[in-house]
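Values below: all heavy atoms of this structure, side chains included; hydrogens, waters and symmetry mates excluded. Order of appearance sets the numbers: ligands from 1, and atoms from 1 within every ligand.
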Amino acid sequence: MATEPRSSDVQDEVVDLCRDLIRIDTSNYGSDDGPGERKAAEYVAGLLDEVGIASTLHESSPGRTNVIAQWGGDGTRTDGLLVHGHLDVVPAEAADWQVDPFSGEIRDGYVWGRGAVDMKDFDAMVLSVVRARQRAGRIPQRPVTLVFTADEEAGGLRGAGPLIESHRDQFEHCTEAIGEVGGFSATVRGRRMYLIEAAEKGMAWMRLTARGRAGHGSMINDDNAVTRLAAAVARIGTHEWPVTLTPTMRTLLAAVADLAGTEATPENAERLVDEFGPAARMIGATLRQVSNPTQLQAGYKVNVIPTEATAYVDGRFLPGHEDDFFATLAELCGDGIDIDFLSRQRPWETPYEGDLVDAISRSLLAEDPEAVVAPYLMSAGTDAKHFGKLGIRTYGFAPLRLPDDLDFTALFHGVDERVPVDALEFGTRVLDRFFDDV
Ligand SMILES: [Zn+2]
């Protein structure tokens, strides 16, 4: 494995760029009430322009700005690589934090602030590597499409969603993509394992409605909407979904079992996931389907049986097991309950194989030779869902070498979000090698 040191210029800027991006508040409140992404998008476009990379800004609603730039490509290849990051962040409650969440402060070897891991870190790494390579004339053979999106934190409805419709020509040549959430290390039995996102669960936000016969609370009523709905909600909430392993999770658990000196079976899947320590909270949610009742509404007076009762359920389902999820859910609901979808996003899973996966592994192992690289299934969704609609094979690969004891997954949308300075620098060296190789 080639491990000659990388020149430091690719990592020179990354910390400053990450801090600058954090200082531009792009809080996404799930509406157009926030500051929007325009300022951050202009900042990114300026950084690209400074090194001679032209970009364009696109808005599907005012201030909700996306950046697209085409970079590299020497004409020998037509299959483009998409590199995508989002510019928005979830809001932060400053009073809960040890530092101002929009200060980009450096403390104890970390850059602190909202977006430090989700995902202004990766935006900064990409910009830092692209700028250094462009300055040095080290431009990749493969055409690369750089996209910085708005609104990922609210489902991309003002970002990647409309962007792939209105500017499809900018993505048409792309066959593969890298973005969040993956490439970070978790420590298993003292060995660092880099987790590459190769699949995402689907999401179904559902409203259940039971209708029955209204009437006086003192009388016999065998068609009570509240009773019927409550029984359905209880069945859904207490249902034990079986452990169901997709190809991605089978590959991951085999790698973990290898380190633990055992063999992976569905029976020990949960024990193997526990090897990840705190990261098991996220990874454990991908061993099975999930259906959680979250809201209930019915009635207006204690002695009046209402006509209607409604409940809301957050459902998360596995790629390849969508039909089973909805069939089981309908069965749990039983007769006389209508299901409406408030939001429904499909799951996806990309085979963990091929040249791009090899390039990801090589670039990580060149910087961390003792490590293990494996795919994983993410419990939530990202912009990858939108780009996947174009047939682009996407992977989560935002490389970070993390301290063994850091509860990294808790930092996503968490209080005191922060990223180690040396992890940012590590990530730029890995990405630089990756661009050599793709
Ligand atoms: Zn994110």
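When the N, O or S atoms of Glu180 are ranked by distance to the Zn ion (ligand 1), OE1 comes first.
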Item to check | Full working for side chain to side chain donor-acceptor pair (under 3.5 Å) between Ser103 and Trp112 | outcome: CA-CA 8 Å; Ser103 64; Trp112 295 60; over 6 Å; no

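Arg23 and Asp20 are joined by a salt bridge, as a carboxylate oxygen and a charged side-chain nitrogen come within less than 4.0 angstrom of each other.
Between Arg64 and the choices Glu37, Glu59, His58, the side-chain hydrogen bond (donor to acceptor under 3.5 Å, both in side chains) rule is met once, by Glu37.
Distance check for Glu152 against the Zn ion (ligand 1): none of its N/O/S atoms falls below 2.8 Å. At a threshold of 2.8 Å, the Zn ion (ligand 1) has a backbone or side-chain N, O or S atom of Asp118 nearer than that distance.
Cation-pi contact between Arg344 and Phe341: present, with separation from the ring centre below 6.0 Å and deviation from the ring axis of at most 45°.
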